[in-house]
Each structure stands twice: as structure tokens, then as C-alpha cells.
Amino acid sequence: MFLDFFILLRDNGINASLHEHLSLLEGLEKKIIGQSIDDFYYLSRAIYVKNEAQLDRFDQLFGHYFKGLEYIPEELVFNIPNEWLQKNLMRHLSDEDKAKIKAMGGLEKLIERFKELLKEQKKRHEGGSKWIGTGGVSPFGAFGFNPEGFRIGQHENRHRQAIKVWDERNFENLDEGQELNTRNIKMALRYLREFTREGEEDVLDLNATIKATSKNAGSLELIMQAERRNNVKVLLFFDVGGSMDDHVELCSQFFSAARYEFKHMEFFYFHNCIYEKVWKDNARRHQDYTKTFDVLNQFNGDYKVIIVGDAAMSPYEIFLNGGSVEHFNEEAGVVWLNRLKAHFKHIVWINPNPSGVWKYYQSTISLLEIMDNKMYPMSIEGIRTAIEKLLKPAY
Amino acid sequence: MAFEGSKNYIASKDLKISVKAAMHLEKPLLIKGEPGTGKTLLAEEIATVLNKPLYTWHIKSTTKAQQGLYEYDAVSRLRDSQLGLEKVAQIGNYIVKGVIWKAFDSEEQSVLLIDEIDKADIEFPNDLLLELDRMEFDCYELQKRVKAKHRPIIIITSNNEKELPDAFLRRCLFHYIQFPDKQQMEAIVQVHFPNLNQRLMQEALRLFYQFREIQGLKKRPSTSELIDWIKLLIMDGTEGDELSNMDVFKEIPQHIEALIKNEKDLDILNHFKQIGGNSNAY
């Protein structure tokens, strides 16, 4: 029942699983709701949708699927004799047909064929009671499906023209048009951890306590220790503007994930390549900037450095004094990158471009070389490998 | 036995259906919504209305899933052994039951509230999958399996600080509490102030919704703030006429501190006031 509604939802980005669909059927069976379509809307929404950002999309799909059905008077639906529906389907599907469908094997096909049948019937009944009938019951047992209860359609709204709840689209604001999918990135970043015990000693150290107690000839001595905390220190450099605009979404996901995951995290922006200045506020980059030398002085070599950029630029921007597109840089980008490399023992470059296209950019090839090949694509796998590299002890 | 709201709690129709579904499908109900829309209150009201015991588990950033099941209090056992107490021999005396265990143990069906689940570590919801699915867990120290005598009605609230894992979401029903519209809000205010004069109510609500529509506010005032504000207005003996011609873009009503909780938001209001209510100029 409602299988094609379920498939419609899945095809359109509502990530429901069969598990949920079965729950809906169970809910209907248990008669949680009455026979009103409003109730059905609320119930299916509670079951299928798991994120408020998807509510608006669900409303639209629901409206699309059930368009025109909301005004069927309840008593009419329940007066359709069941045999009529059964016989109807039997009549239209000959034995040959049944075998054919079996040979086709797919549910999709089955539904398509079924809809055609219904369409034919609709024409013949024009001017009549306007019912196009529902799906039949048992002939498809072999498929393990029961395509019972397809749309019951009525062509005109002869009744009131009220706006239905899902048509109000109350949740429009919450659909941010993007998948809120930072969880995977967070999980990848989690590997970057350095547990240390610092600060207040507030947890019982069981082993030390037992030891101390035995030393004390059995009279209890409690030993406390500080809780384990992730004290990894991370410094992020973000390329902004220009070709990076294509990757804004991915980068902001990465940024928000990183920001959440690391307590000691500092970030700076740069454009294309790192030169003598970096900044924190892109709008005020020409007034409020930080000298890269100051960054080197302020953050000691323990910091793990992640540079995020697409490494797509003119080779001049890396190798020539004055090669920057924005200003006259006294020292070439490569000089600055080497300085960073010398100061920070752990440094990786994460590139939002997929690794397959790197070889088409001369600058990317050069940067790969400068970075000792420590450049990784911004995929979950890439981030994971990058993190592993960051954790390897410095040589 | 269905939850129909109560005289203290106005439940919308979709919320009622969600609660009913959660009870019958025996799935946890995950509630999200703006702060102040009564997420936590819902569980308390369900418990009151259906006359069931309520077990509340407030989640903090340091909360571990295990703490909801049970904890083994090694320190007191160690101490008691020093004192030579009898009960030391029984490890069961040092198993401290967590909220979930208590709810499982309840002699009648209970309501279990897991409040602000998003505050905990990112792995936290995954650690509870099996417990919430099968309604049982193992206590290794006692070598026994704890099973729920009656499946509790589980309400989980989240403020969206963290995303929850898919596997966890799949086991929940989801309900997003929408901010009440003016009509619902009237009913809600009526519940809190049964004798409120209509004029004051109308004017206060008008201003309140005007506030909420201001673009760029960091924290839009919510129901609980409105209730506080009306309380202050009543204490002042405001009749409602004073508010009748007020426009939030032109002047700032008294006791604004009850509605606006953020300096920057107050700056925005002051800015409007200075430019004389021309909201397009902002």
C-alpha cells in the first residue's frame, strides 16, 4: 500500500527506508488515525521525515501525489465493493499478461502497466461516477508485493476549495536547499585526536588507587587524575574567492565540522597562495590582516596545519616575486610555503577538486611537489588519509 | 487512552497524532523546534495527562550512554570494604541504576524523557540504539539482562546543535513543533492568564508578532518570553490602551528586556527608532 508514494519520496530526496514504510503500514493497521487525509498526512510526515529541512519538500511531494484526492467524502471510499476491485483487475490481466509481467519481473513495469490499465478504464467511465478504481489484490503474490491501493482519483473538486495543510507549506524557511551533511566529515576529523590529561584532577584513577591502597597496607587512599581531553591544536588556512567559489558549500561544511570538532582551532584566509599576509575577515581583508610571520611566531610547531585550497592558479603565483594576482608580493609563494613547512612539522593540503583533475593544472602539480605529495581530495576518504598523515610522528 | 493536550498545554493536531503514533508503534518520538515552544514540557504533560510516572534524563556534554543504564560505584565499595561492612560482598549494592533502568523497572508504563540529546558527544545516540530498539540491556557486573517490564513512551528533544546519526533517526518518529500562529498563541496565553483583559492580549500579541518578524534578530522572542512579558505588563497595571498605537519600529515598549535577550538585537531596535520606523532603510 502506498508503495508508489514511498518510491516517489525516495526518488525525490526524502531518505526514508523500508523500515519506515513498514512502520506506516503498521500504523495504518493499528488504526492510529481516522480515515481523514489530514491525519494520514500527519502520520506519514512523522514517520518518513527526519529532518525539519525536509519538511517543505515532503509537503510538496505529498501535495503532488494526493492532488485532487483530499475531497473524497469518506463514506464513498468505503462503499466501493471489494469484489469490484478484484474482478476489475482480473478482467484486465489475462493469464498471458500475468505470465508476461512475471517475465518482466520488475515492480516498476508492473506499476506502469497497472497505471495504463487504470487509464483505459478512466476513459470508459467518463461521465459516469468518475471513479477510476483502486488496485487489485492477490494475483501478484509471487512477486512478494501486493499492489493494493493505488491512487483513488477524482477529477474535479466539486466540494469546497479550502487550502490543505500541506499546501500552506509552513516549513518553507527550514528547507535550506542543502544537505546538512557535516556528520561524515566530523566522523573523519575525529581521528585527529591527541588525548592528554590536563587541568583539574576530578576523575578517580582506579589503578593508581589500588596500588596506593595496597602500599598503605590496605587502608584506602584515593588517587585522582584529570579527565582525558582532546588537546590537538589545529591551524586552518582557507583559500577564498576566485575559483574557490565553486566549492564554497563543501568548504563551509568542512569548516563547520572542524570548528565543532577541535577546541584549539585557529583559522586564517588566503587567496590562491599563502604570502606575507593572511586574514580572518574576508570583508576587511585589506585593513585587518595578520602578518604570516606573526602566525609563525605565535603558533608553535606542535600545531597541525591544514591548508584548504583548490591549488588552481597561474604558476607565476607560486614561483615569481610579484606574481600574486592581487598585490605585489615581495617574496614568491613557494618561499612562504617552505617557511610553513619548516616551522610546522605536520602539514597537509586538502583540495576540494577531485584528485582526477589535478594533473590538468600545472600549479597543482607544482604544489603537490612542494607539499611532498601531502595533498588530499576533500572527500571523506581523502580527509581520513590526510588526518592519518597529520598524526604520524614527525621525522 | 490518547494524549489530547491538557488545560496547561495546547497540543496541535499533528502533535497529537505524532504522540499517538509513538505510543502505538512503540518508537521514540524525537521533538525538535525553536527554543520555548514547549518541547520538554510535552513529556511532562503526557505523563500528567495519562497519569504515568515520568523519568527525565537531562543530557550534558559529558553524559555517557552508560550513565543512563547504570554505574558501578567502585569508590564506595572500596570505602565500605575498609569499614568492614556486610554489604560489600554483594556487588549489587554498588550498582547505581540510571534513568533508563529505572524506567524499564517501572511497574506500569512510564514516560521517559531524554532531554537535549544533541548536547552529548556525537557518538552518544549510536550507543543507545540497541537499548531503545529492543528495550533491554545487559548488566555485566550482575550478569543479568535487564528488560523493560513495559515499553516506556520515549520522548527525545533536540535543539539541533548536532546532527543525529541516520541509524538513530530511523528508529524514531520525528516531530517539528512549529511556532504557534496567532490563534494558537491566544489559546496558550489564555491558559496562563485566564482573566487577562482582551485588549491587552490583542495588543501584546500584535507587538509580539511584529517583533518576531524583524529581520536579523539573533534570538527571536518565543512563547516563554511572551508569557514573562505579559506578566510584567500586568504587574504594571497596563490596560492595553497604552500599547494600542505603538509600532515596534518607532518606539520600544516597556519591559523590552523580557523579550529581547541580546545586546545586538536591542541595537537593531534602537536603530529602527532613530530612523523613525522606516524599516526599508535598515
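A note on names: the letters A, B, ... follow the listed sequences, proteins ahead of strands, and every chain is numbered from 1.
Annotation: the span from B:Tyr176 atom OH to A:Asn51 atom CG amounts to 10.0 Å, rounded to 0.5 Å. Distance check: B:Ser18 OG to A:Ile47 CD1 gives 9.0 Å after rounding to the nearest 0.5 Å. For the atom pair CD1 of B:Ile17 and OH of A:Tyr42, the computed distance is 7.0 Å after rounding to the nearest 0.5 Å.
When heavy atoms are compared at a cutoff of 4.5 Å, B:Lys27 approaches chain A solely by way of its side chain, counted from C-beta outward. Within the 4.5 angstrom heavy-atom criterion, only side-chain atoms of A:Glu20, from C-beta onward, approach chain B. No part of A:Ile210 comes within reach of chain B, as not one of its non-hydrogen atoms sits under 4.5 angstrom from that chain. Residue B:Ala21 touches chain A through both its backbone and its side chain, counting heavy-atom pairs closer than 4.5 Å.
For B:Glu136, the CD atom is densely surrounded, since the number of other residues' heavy atoms within 6.0 Å is greater than 12. Within a 6.0 Å radius of CD in B:Glu86, other residues, nucleotides and ligands contribute 12 heavy atoms or fewer.
Distance alone, capped at 3.5 Å, is enough to place a donor-acceptor pair between the A:Lys30 side chain and the B:His24 backbone. Within the 3.5 Å criterion, the main-chain N or O of B:Leu164 finds no donor-acceptor partner in the side chain of A:Lys50.
No option in A:Ile32, A:Asp39, A:Leu43 other than A:Ile32 meets the side-chain contact (heavy atoms from CB on, under 4.5 Å) test with B:Lys20.
Options B:His175, B:Arg79, B:Arg170 differ in how many heavy-atom pairs under 4.5 Å they form with chain A, and the most are formed by B:Arg170. By number of non-hydrogen pairs under 4.5 angstrom with chain B, the leading residue of A:Asn15, A:Val49, A:Thr209, A:Ile33 is A:Val49.
Across A:Asp38 and B:Lys13, no two heavy atoms sit closer than the pair CB-NZ, 4.3 Å. Across all non-hydrogen atoms, the minimal contact from B:Leu25 to A:Ser23 is CD2-O, 3.6 Å.
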